[in-house]
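To start, the structure itself, in structure tokens.
Chain identifiers are assigned alphabetically (A, B, ...) following the order of the sequence lines, protein sequences preceding nucleic acid strands; residue numbering begins at 1 within each chain. These values consider heavy atoms only, across backbone and side chains, with no hydrogens, waters or symmetry-generated copies.
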2 protein chains.
Amino acid sequence: MTYTYEYPHPAVTTDIVIFTILDNALKVLLVKRGGEPFKGQWALPGGFLRMDESIDACARRELREETGVRDVYLEQLYTFGDVGRDPRERVLSVAYYALISSTEQKLQAGDDAAEADWYDVETLPNLAFDHADILAAAKDRLAAKMAYSTVGLQLMPDEFTLSSLMRVYELAGGKILDKRNFRKWILGLGLLEETGKKWSEGPHRPAMLYRVRDKSRVDIIR
Amino acid sequence: MTYTYEYPHPAVTTDIVIFTILDNALKVLLVKRGGEPFKGQWALPGGFLRMDESIDACARRELREETGVRDVYLEQLYTFGDVGRDPRERVLSVAYYALISSTEQKLQAGDDAAEADWYDVETLPNLAFDHADILAAAKDRLAAKMAYSTVGLQLMPDEFTLSSLMRVYELAGGKILDKRNFRKWILGLGLLEETGKKWSEGPHRPAMLYRVRDKSRVDIIR
DNA sequence: TCAAAAGTGTTCTCTTTACACCCATGC
DNA sequence: GCATGGGTGTAAAGAGAACACTTTTGA
């Protein structure tokens, strides 16, 4: 079956930059392309927009297909549409980024994806299409947004220590923070509560575990 | 001539929210639709993406066709793509917003546009499609961005008084500012220089005219 | 001389930054 | 008992907010 229009139409995909924290590093999910073009190269997960779904729904579906997660933070980033960005035909990509906590990853291999893996944002392989540009834009947006909102909390698992949260902020912002100032600030926001449990993982004092009071909220705080 | 694809493709337009300051108010350019759908209703200027131009180039072309201006501040805002937003077929709109100074307006009537006019953002008519949503998003973005960057200067003519600049900030932010604090802040940024000329327009002391040192720059300042 | 907008400094408050030592634990 | 990360308070500096009067002009 074919589809015919009076004027030329571009194809439209959504591509998603899925961030998580793993092994003390900020990581993104990449998939190895199974078909041409860029066969065998790493790329962002994504796929073509269906005519009966909104763009948001498309991104959410792709995210679910790649990682199995739903109900996570997902935000439209930017639309990329330079003329030569796909060698096959004119393709626009509406890019999104998602933040998922390290406990939610399941990595069920998608249909098109021969392989999927988490990559440290600092040491990325060569990426297909203009996906390096998309990823750079996503990193910038994440860093900017973490500085004035509570999105950062979306990267955390259900229970976490303040040190691990601080490491997330340091990774995203690219600079180290003062422990006392960070704790004063984050606790002063009143968004966290103690679980009462403690976390031991080495020859040192165990850390208090905290949780986010209302994880569905992302507030502007500055 | 027709265009045929193996999978269905959406149509893609750019729509532009063109802001300016006129009569002491923040205004947007609206055009009256000459054809169906929404014939006779006001809408944002915009048009279909050509296959040989980038999305940015399309927005810039539409802006030029509607207003005659070029080399103005233009930024991608968001991509709107709900399923029913255009009754004809599936249409995505990559929305942009532009800031032009009140001296640059020429308003040459476009091809499709029977009529074009500036509307105060506070008193808008009913708009075609989901253009009210687009406009609301543009207002929010402009207000947010003016609070942490120097985009506001893009709305000014070549020479302007500090009072008129302050009025722009008050209009965008929706609250009145303190004259002394505003002057201290804006002059402290070092982005403005005195022209040496003065502007008289009533029975009161004339105001110093300033200009922007480097209008092509838009800096993050907070 | 009056009305109207231009122009000008200081004080207070709050936010942000800088900074060093004891605590609890595993080995 | 020692190495390791967890946990805590205070002072200084800087940024933002509050606030009132004099100046210059046209009518």
Check the surroundings of atom [atom1] in [X]: do more than 12 heavy atoms from other residues, nucleotides or ligands lie under 6.0 Å from it?
| X | atom1 | value |
| --- | --- | --- |
| A/Ile176 | CD1 | no |
| B/Asp158 | CG | no |
| B/Arg222 | CZ | yes |

*Between A/Arg183 and D/dG7, does any side-chain N or O lie under 4.0 Å from OP1 or OP2?*
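So the side-chain polar atoms of A/Arg183 do come within 4.0 Å of the phosphate oxygens OP1 or OP2 of D/dG7, strictly under.
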*B/Ser163 side-chain N/O to C/dA6 phosphate OP1/OP2 under 4.0 Å*: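 For B/Ser163, the contact criterion (side-chain N or O under 4.0 Å from OP1 or OP2 of C/dA6) is met.
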Quickly work out the [X] [atom1] to [N] [atom2] distance and round it to whole Å.
| X | N | atom1 | atom2 | result |
| --- | --- | --- | --- | --- |
| A/Trp199 | C/dG26 | CH2 | C1' | 16 Å |
| B/Ile186 | C/dT8 | CD1 | C1' | 17 Å |
| A/Ile176 | C/dT17 | CD1 | P | 13 Å |
| A/Met208 | D/dG6 | CE | C1' | 11 Å |
| A/Tyr148 | C/dT15 | OH | P | 21 Å |
| A/Phe182 | D/dG5 | CZ | C1' | 16 Å |
| B/Arg167 | C/dA5 | CZ | P | 9 Å |
| A/Glu201 | C/dA24 | CD | P | 18 Å |

*Between A/Asn126 and A/Gln41, is any pair of side-chain heavy atoms under 4.5 Å apart?*
yes
*Is A/Arg180 side chain donor-acceptor paired with the C/dA20 base, going by distance under 3.5 Å alone?*
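By the distance-only test, yes, there is a pair.
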*Starting from the 5' end of DNA chain D, give me the residue, A/Thr161 or B/Trp185, whose nearest nucleotide shows up first.*
A/Thr161
*Return the 5'-most residue of the pair A/Pro206, B/Arg222 with respect to DNA chain D, ranking by each residue's nearest nucleotide.*
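Counting from the 5' end, the first nearest nucleotide belongs to A/Pro206.
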Out of [options], which nucleotide sits closest to the side chain of [X]?
| X | options | value |
| --- | --- | --- |
| A/Lys179 | D/dC19, C/dG7, D/dT8 | D/dT8 |
| B/Pro203 | D/dG26, C/dC19, D/dA18 | D/dG26 |
| A/Lys184 | D/dG6, C/dG7, C/dA18 | C/dA18 |
| A/Asn181 | C/dC19, D/dG7, C/dA5 | C/dC19 |

*In terms of the nearest nucleotide of DNA chain C, which residue is placed more toward the 5' end: A/Arg205 or B/Leu162?*
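In this pair, the answer is B/Leu162.
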*How are the rings of B/Tyr78 and B/Phe80 set to each other: parallel, tilted or perpendicular (split at 30° and 60°)?*
perpendicular
